[in-house]
Amino acid sequence: MPPSLTDKEMQVQKNKFLTLALAGVLAFGVAACGDDEESGSGSGGGSSASTTESSEKASGTIRIDGSSTVAPLSEAAAELFQEENPDVRVTVGTSGTGGGFEKFCAGETDISDASRQIKEEEVALCKEGGITYEEVQVANDALSVVVNPENPVTCLSVEQVSQIWNKGSKVKTWADVEGDLGADVGAENMALYGPGTDSGTFDYFTEAINGEEGVSRSDYNNIGEDDNAVISGVAGDKWALGYVPYSFITEAEGQVKPLQIKNPDTGECVDPTLENVQAGTYAPLGRALYVYPSGDALKKPEVLQFLTFYLENNDVITEAATFVPMTEEQKQSALDKVHTLAGS
């Protein structure tokens, strides 16, 4: 069974399910609101699309590219927005966070999906290209270090993960990892799986674990932007190890086991759960996810309406896509940034 075909089929099925689930939940939310829509914005999750519905129907094309981690969120938002605005075409590419910023700063896209903050050299590139932008958070997320369910190890410290992944690492087997692993693993070979260097996941992981962005061993199975390939690789090898965004764990349905990470401050082994990510105890692998809209793009009504829709329905989108929802303060800050950049 070719792995690439399996991954594509998995993603197609995931997107179909996500779209149906979101449409159902959103439709229920709109129906439940009824005439109360006129009472103003509420404080609950899953807000309705009343703002978009009450405005003029949009038209045009919105071009999005960047992080493969953020793509499922943007794709879900796009599907729902296009249902209400059939004259708008939203395209979502996955060139990786770095590749997405290259296109964005060249003026080739309207919005850049990013699983990390923009780098100084990318800021300079956008300035050179005359691109103004705003950093807008759209979800919380966590990276998960994963092993096969049959692997007896349950928790690793940041130092142990760094031993495995740091540049120049000599770790080839589980016996090469220093420190107590809490299980008898012997000298079993450790196959490693991880994303490519254009990935924001790669950037975030290397900085959080190895202390410097981009610093990593290179002798691992590089899966590029296909995070499902990490799941497939680890699921098929009892002693393999990899790292993926948190959302892929819930979609994997027990094919892999996420390891606890020992909190550097408390020494406690912490699971990568929604509650722990929001509480900030799953350190240092909790993170924010972003979109970067350009100032010129937000002058177009369809882009402003799309991003407003994206944020006003953010709870529904993030929860259905198995990401960690934003707090009310984060959502309001994101909306404020969008409308400030748009001059509205």
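Note that this is a predicted model, so its numbers are computed, not measured. These numbers come from the heavy atoms of this one structure, side chains and all, not from hydrogens, waters or symmetry mates.
- Formation of a donor-acceptor pair under 3.5 Å by the Asn166 side chain with backbone atoms of Gln163 is not found in this model.
- Proximity of a side-chain donor or acceptor of Asn85 to a complementary backbone N or O of Ala58 within less than 3.5 Å is detected.
- Contact detail for Thr281 and Asn263: the closest heavy-atom pair is O-ND2, 2.8 Å.
- Scanning all heavy atoms of the two residues, the minimum distance from Ala297 to Val303 falls at O-CB, 3.2 Å.
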Next item on the list: Starting from the C-alpha separation in whole Å, work towards a yes-or-no answer on ring pair (Phe, Tyr, Trp, His ring centres under 6.0 Å) for Tyr246 and Tyr282.
Entry: CA-CA 12 Å; Tyr246 164 81; Tyr282 183 67; 8.4 Å; no
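- Distance check, rounded to the nearest 0.5 Å: CZ of Arg217 to NZ of Lys167 gives 13.5 Å.
- Atom CD of Glu178 has 12 or fewer neighbouring heavy atoms from other residues, nucleotides or ligands inside a 6.0 Å radius.
- Here the OG1-CD distance, from Thr97 to Gln117, works out to 12.0 Å after rounding to the nearest 0.5 Å.
- From Leu156, atom CG reaches atom CG of Leu241 across 7.0 Å, with rounding to the nearest 0.5 Å.
- Between the side chain of Thr173 and the backbone N or O of Asn189, no donor-acceptor pair lies under 3.5 Å.
- Hydrophobic clustering, with ILVMFWY side chains joined whenever heavy atoms are under 4.5 angstrom apart, keeps Ile164 apart from Val234.
- Salt-bridge annotation for Glu213 and Lys119: present, with a side-chain N of the basic residue lying under 4.0 Å from a carboxylate O of the acidic one.
- Side chain of Ser74 to main chain of Ala71: no donor-acceptor pair is present (N/O by atom type, distance under 3.5 Å, no hydrogens or angles).
- A donor-acceptor contact shorter than 3.5 Å links the side chain of Gln255 to the backbone of Ala252.
- Asn140 and Gln330 are linked by a side-chain donor-acceptor pair at a separation below 3.5 angstrom, with hydrogens and angles left out of the test.
- Hydrophobic clustering, with ILVMFWY side chains joined whenever heavy atoms are under 4.5 angstrom apart, keeps Phe202 apart from Val230.
- Within 6.0 Å of CG in Asp87 there are more than 12 heavy atoms belonging to other residues, nucleotides or ligands.
- With contacts defined as side-chain heavy-atom distances shorter than 4.5 Å, the pair Asp141/Thr69 qualifies.
- Atom CG of residue Leu289 and atom OH of residue Tyr204 lie 10.0 Å apart, to the nearest 0.5 angstrom.
- Contact annotation: the side chain of Ile64 approaches that of Ile62 to within less than 4.5 Å [non-hydrogen atoms, C-beta and beyond].
- Between Leu307 and Val291, the closest side-chain pair of non-hydrogen atoms falls below 4.5 Å.
- Two residues are said to be in side-chain contact when any heavy atoms from C-beta on lie closer than 4.5 Å; Trp239 and Asn148 fail this criterion.
- A 4.5 Å side-chain heavy-atom check between Asp315 and Lys331 finds at least one atom pair inside the cut-off.
- At distances below 3.5 Å, at least one donor-acceptor pair connects side-chain atoms of Gln137 with backbone N or O atoms of Ala139.
- Within the model, atoms CZ of Phe101 and OG1 of Thr109 stand 9.5 Å from one another, a figure rounded to the nearest 0.5 Å.
- Of all heavy-atom pairs between Met326 and Asn314, the closest is CE-OD1, 3.5 Å.
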Next item on the list: Decide side chain to side chain contact (heavy atoms under 4.5 Å, CB included) for Trp174 and Val147; before the verdict, give the C-alpha distance in whole Å, the side-chain angles of both, and the deciding distance to 0.1 Å.
Entry: CA-CA 12 Å; Trp174 282 90; Val147 294; 4.0 Å; yes
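- The pair Asp219-Lys172 counts as a salt bridge, with a side-chain nitrogen and a carboxylate oxygen less than 4.0 angstrom apart.
- Asn276 and Thr273 form a side-chain donor-acceptor contact under 3.5 Å, judged by distance and modelled atom types alone.
- Put simply, the side chain of Thr340 gets close to the backbone of Asp336: a donor and an acceptor are under 3.5 Å apart.
- Panel note: side chain Ser169, backbone Trp165; no donor-acceptor pair is recorded below 3.5 Å.
- Under the side chain to side chain contact (heavy atoms under 4.5 Å, CB included) test applied with Leu259, the options Asn151, Val146, Asp271, Val145 reduce to a single match, Val145.
- The nearest pair of heavy atoms linking Ser144 to Pro258 is CB-CB, 4.4 Å.
- Note that CD1 of Ile317 is 6.5 Å distant from OH of Tyr310, once rounded to the nearest 0.5 Å.
- Considering Arg63, Glu79, Glu75 in turn, Glu75 is the only one that fulfils the side chain to side chain contact (heavy atoms under 4.5 Å, CB included) rule with Val92.
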Next item on the list: Test side chain to side chain contact (heavy atoms under 4.5 Å, CB included) on Glu225 and Ser199 and set out the steps.
Entry: CA-CA 7 Å; Glu225 290 295 316; Ser199 169; 3.3 Å; yes
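- No path of Ile, Leu, Val, Met, Phe, Trp and Tyr side chains, each step under 4.5 Å between heavy atoms, connects Leu73 with Val277, placing them in separate hydrophobic clusters.
- Side-chain atoms of Val88 and Thr61, non-hydrogen and from C-beta on, never get closer than 4.5 Å to each other.
- Taking the six-membered ring where tryptophan is involved, the planes of Phe205 and Tyr243 are essentially parallel, since the angle between them stays under 30° and well short of 60°.
- Lys103 and Asp65 get closest at one heavy-atom pair: NZ-OD2, 2.9 Å.
- Using modelled atom types and a 3.5 Å distance limit, the side chains of Tyr292 and Glu135 yield a donor-acceptor pair.
- Ion pairing between Lys127 and Glu122 fails under the 4.0 Å rule for side-chain N and carboxylate O.
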Notebook entry, point to check: Going through the checks in order, is the side chain to side chain contact (heavy atoms under 4.5 Å, CB included) test met by Leu143 and Val244?
Noted result: CA-CA 6 Å; Leu143 299 185; Val244 291; over 6 Å; no
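- By the criterion of side-chain heavy atoms lying less than 4.5 angstrom apart, applied directly or through intervening Ile, Leu, Val, Met, Phe, Trp or Tyr residues, Val256 is not grouped with Leu285; the two fall into different hydrophobic clusters.
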Next item on the list: Start with the C-alpha gap between Glu134 and Val338, add the side-chain angles, then the distance that decides, and say whether side chain to side chain contact (heavy atoms under 4.5 Å, CB included) holds.
Entry: CA-CA 7 Å; Glu134 186 58 83; Val338 168; over 6 Å; no
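- Leu181 is listed as a side-chain neighbour of Gln160, based on a closest heavy-atom distance under 4.5 Å.
- Side-chain contact between Glu83 and Leu80: present, with at least one pair of heavy atoms (C-beta onward) separated by less than 4.5 Å.
- Cluster annotation: Ile111 and Ile131 are assigned to distinct hydrophobic clusters (Ile/Leu/Val/Met/Phe/Trp/Tyr, side-chain heavy-atom contacts under 4.5 Å, transitive).
- Closest non-hydrogen pair, Ser162 versus Asn210, comes out as OG-OD1, 3.2 Å.
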